[in-house]
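Proteins get letters first, then strands, A, B, ... in listed order; numbering begins at 1 in each.
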Amino acid sequence: MDPLSRYDTLVDDPTAFHAACKRPLPSVVRVNEIKATPGRVQRAFEEAGVEFEPVGWHNGLFRLGADESPGNSWPFVHGWVYGQEEVSTVPAIALDPQPGERVLDCCAAPGSKTTQLAARMNDRGLLVGNDNNLGRLSALRSNAERCGVTNLIVTRQDARNFSLKSFSQTPFDRVLVDVPCSCEGTVRKNPDAVESWSLDHVEGIAGVQKGILGRSLEVTRPGGTVVYSTCTFAPEENEAVLQHAIENHDCELVAFDLSLRSVPGVTEWNGETYDDSMRRAKRIYPHHNDTGGFFCAKLEVGQ
Amino acid sequence: MSAENDGGRFDRLPATAEDRSVEGRPTRTEVIGWWTDRFGLKPELFESYTFWEKGAGKIWIFAADLESPAAVEGLGMTFLRARQEHWKPTTDAVQRFGRAAERNVVVLEEADAKAFLHGETTDPAWDGDWGYLIAAHEIAGGIEPIGVGLYLYGELRSQMPKGRQREF
């Protein structure tokens with residue numbers, strides 16, 4: 001049985017949901033505004049005969065034609081574009097970091113969201129990109145370098161015990177918590193995510209997610225912002241993790257705007273009930289915008 | 001007795017020679033001076049950055065500041081290879097800061113630009129300085145740096161790192 005069938009009671013149109021999950025995903029690039037503008041990238045694509053179309057809800061994204069390979073073009077070489085799925089741009093938009101702030105991306109590699117955060121900060125302020133895997137860190141470094149990011153500090157720590165020792169013990173203004181997950185929402189580009197699915201894995205990784213989110217809330221200043229995101233549908237890895245956070249830390253879910261179609265987080269799942277504020281989180285299903293699946297919530301730390 | 005460079009951590013560069021405690025370590029003034037002399041960039045461009053050494057002669061540029069020394073995996077971007085006779089800018093730094101350069105920029109024809117990107121030696125028309133140049137090309141209505149070329153004896157040797165070379 002398809003593990004994704006367990007979500008048939010959550011989605012409005014299960015048939016459309018399953019059909020979308022079986023379609024391949026178009027290749028999308030994000031314009032890196034540290035080095036280029038959407039207009040200049042568009043002109044470079046036109047000059048090179050690259051097939052592309054703008055993405056309606058975000059003026060820095062282009063969907064590429066089926067035969068285009070984003071890594072093999074001048075805009076990629078110049079660091080003007082980064083291959084990044086549409087839904088994966090959501091958490092940095094929700095976090096909304098400002099130039100000059102102190103920002104942590106606690107599970108940063110390979111760096112699509114980190115480089116997006118740097119661009120939204122105008123490459124000003126202090127951005128920490130952390131990961132615990134050396135190989136993935138080297139990908140983060142090289143992606144950040146290609147994008148021309150100069151405000152990034154790369155660290156290698158377990159995000160569940162992230163230490164502020166290198167940062168004068170000063171907490172962050174904003175933290176992005178884009179945790180490792182069961183990746184169900186990436187099934188359109190990676191069918192393995194569903195083939196190797198097990199409830200044990202979902203429950204195991206949920207424990208890690210609770211640890212990472214908890215520590216992230218602790219290293220955020222009072223009144224600061226934390227964004228929690230996954231590329232999975234399982235409420236065990238989404239609302240249940242947030243429920244654990246609001247019960248154990250001084251924080252609350254807050255609303256945020258997004259021009260991509262989404263539905264509210266759930267307040268009930270498999271006999272569990274969650275706080276009503278879960279409705280402020282956003283679930284993004286593949287059949288609503290022809291994208292991957294995603295989950296994103298914005299939290300504010302108590303004063 | 002002066003301290004030695006520790007390759008496992010980042011140390012902020014001394015502002016000037018008088019502030020230097022590690023022998024042979026380039027100063028902030030020298031590093032900025034090299035870039036502004038070589039490429040005609042304005043010193044103000046680098047005013048708000050801090051500069052660091054990790055590994056002998058490997059200079060990094062960082063948009064913020066941190067306590068020195070810093071035991072982190074990466075700090076900003078690699079900027080310059082110093083502590084040798086001829087200082088050499090990095091591909092990343094040339095791509096990031098080279099657009100504002102006013103001299104020592106060789107603009108390649110498209111065929112040469114592609115060969116350069118592939119790591120090949122080319123022989124573009126050039127009657128300027130020898131040494132490290134910014135290799136650039138025209139794209140989307142402007143001149144864009146590709147990487148670092150070493151110009152010697154009438155030819156331009158591409159310094160594109162292996163991992164950044166492409167063929168298309």
Side-chain angles (χ1 to χ4, degrees), chain A residues 34-37 39-48 69 71-80 99-103 108-109 118 121-131 134 137-138 140-142 144-157 165-170, chain B residues 9-10 45-46 48-52 54 60-79 90-99 108 110 113-114 116-119 135-147 160-168:
Chain A
I34 292 174
K35 284 184 157 184
T37 59
R40 196 143 186 234
V41 169
Q42 187 161 342
R43 185 161 166 190
F45 279 158
E46 282 163 2
E47 283 176 4
S69 123
N72 242 6
S73 67
W74 280 118
F76 180 87
V77 165
H78 289 308
W80 290 4
E101 287 186 331
R102 298 166 58 86
V103 177
M121 296 168 78
N122 209 6
D123 199 25
R124 289 283 151 205
L126 185 150
L127 174 62
V128 178
N130 177 69
D131 211 278
L134 208 54
L137 275 183
S138 112
L140 169 65
R141 284 253 316 272
S142 83
E145 284 166 352
R146 187 179 58 82
C147 289
V149 176
T150 64
N151 73 338
L152 177 68
I153 300 172
V154 176
T155 61
R156 179 158 71 115
Q157 296 193 39
K165 193 171 157 230
S166 296
F167 308 102
S168 318
Q169 301 297 336
T170 309
Chain B
R9 66 183 205 197
F10 289 87
L45 181 63
F46 300 113
S48 61
Y49 291 93
T50 57
F51 295 87
W52 303 73
K54 183 192 184 193
W60 300 57
I61 182 168
F62 179 46
D65 204 355
L66 202 63
E67 256 176 58
S68 177
V72 293
E73 301 288 326
L75 193 55
M77 169 192 284
T78 55
F79 187 62
T90 65
T91 302
D92 299 318
V94 154
Q95 283 199 355
R96 177 70 165 81
F97 299 102
R99 211 185 274 172
L108 304 175
E110 195 54 16
K114 284 182 174 166
F116 178 89
L117 178 64
H118 193 220
H137 72 146
E138 200 177 328
I139 178 173
I143 303 294
E144 188 72 7
I146 305 167
M160 282 310 280
K162 278 263 174 349
R164 299 285 284 272
Q165 293 180 9
R166 289 285 183 286
E167 188 173 15
F168 53 74

Shortest non-hydrogen contact between [X] and [Y], atoms and distance:
X         : Y         : result
Glu67(B)  : Ser168(A) : OE2-OG, 3.1 Å
Ile34(A)  : Arg96(B)  : CG2-NE, 3.6 Å
Gly125(A) : Ala64(B)  : O-CB, 3.6 Å
Glu73(B)  : Leu134(A) : OE1-CD1, 4.2 Å
Thr155(A) : Val72(B)  : CG2-CG1, 4.0 Å

Interchain contact, [X] with chain A, by part (heavy-atom threshold 4.5 Å):
X         : result
Leu66(B)  : side chain
Ala70(B)  : neither
Ala93(B)  : neither
Glu144(B) : both
Glu110(B) : side chain
Phe10(B)  : neither

query: At what distance, to the nearest 0.5 angstrom, does NZ of Lys35(A) lie from CZ of Arg99(B)?
result: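 If I round to the nearest 0.5 Å, the distance is 8.0 Å.
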Note, Ile146(B) side chain near His78(A) side chain (heavy atom, < 4.5 Å):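 Side chain of Ile146(B) against side chain of His78(A), heavy atoms only: contact under 4.5 Å found.
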- prompt: Are Thr91(B) and Glu145(A) side-chain neighbours, meaning at least one heavy-atom pair lies under 4.5 Å?
  reply: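 They are not in side-chain contact.
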Pick whichever of [options] has the most heavy-atom pairs under 4.5 Å with chain A.
options                                   : answer
Ile139(B), Thr90(B), Leu75(B)             : Ile139(B)
Ala113(B), Pro145(B), Ser48(B), Gly76(B)  : Gly76(B)
Asp65(B), Thr78(B), Leu117(B)             : Leu117(B)
Gly163(B), Gly147(B), Gly142(B), Ala71(B) : Gly142(B)
Arg164(B), Glu167(B), Met77(B), His137(B) : His137(B)

- request: Taking the six-membered ring of Tyr49(B) (Phe, Tyr or Trp), confirm whether the NZ or CZ of Arg124(A) is under 6.0 Å from its centre and within 45° of its axis.
  value: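 Yes.
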message: For Gly71(A), is there any backbone N or O sitting under 3.5 Å from a side-chain donor or acceptor partner on Arg166(B)?
response: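 Checking the backbone N and O of Gly71(A) against the side chain of Arg166(B), a donor-acceptor pair under 3.5 Å is found.
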Answer with side chain, backbone, both or neither: which region of [X] has an atom nearer than 4.5 Å to a non-hydrogen atom of chain B?
X         : result
Arg141(A) : side chain
Ile153(A) : both
Val77(A)  : both

task: Could you tell me how the ring of Trp74(A) sits relative to the ring of Phe168(B): parallel (under 30°), tilted (30 to 60°) or perpendicular (over 60°)?
output: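 Taking Phe168(B) first and then Trp74(A), their aromatic rings stand perpendicular (interplane angle over 60°).
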message: With side-chain contact (heavy atoms from CB on, under 4.5 Å) as the test, pick out the partner of Thr150(A) among Phe62(B), Phe79(B), Phe97(B).
response: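 Among Phe62(B), Phe79(B), Phe97(B), the one that satisfies the side-chain contact (heavy atoms from CB on, under 4.5 Å) with Thr150(A) is Phe97(B).
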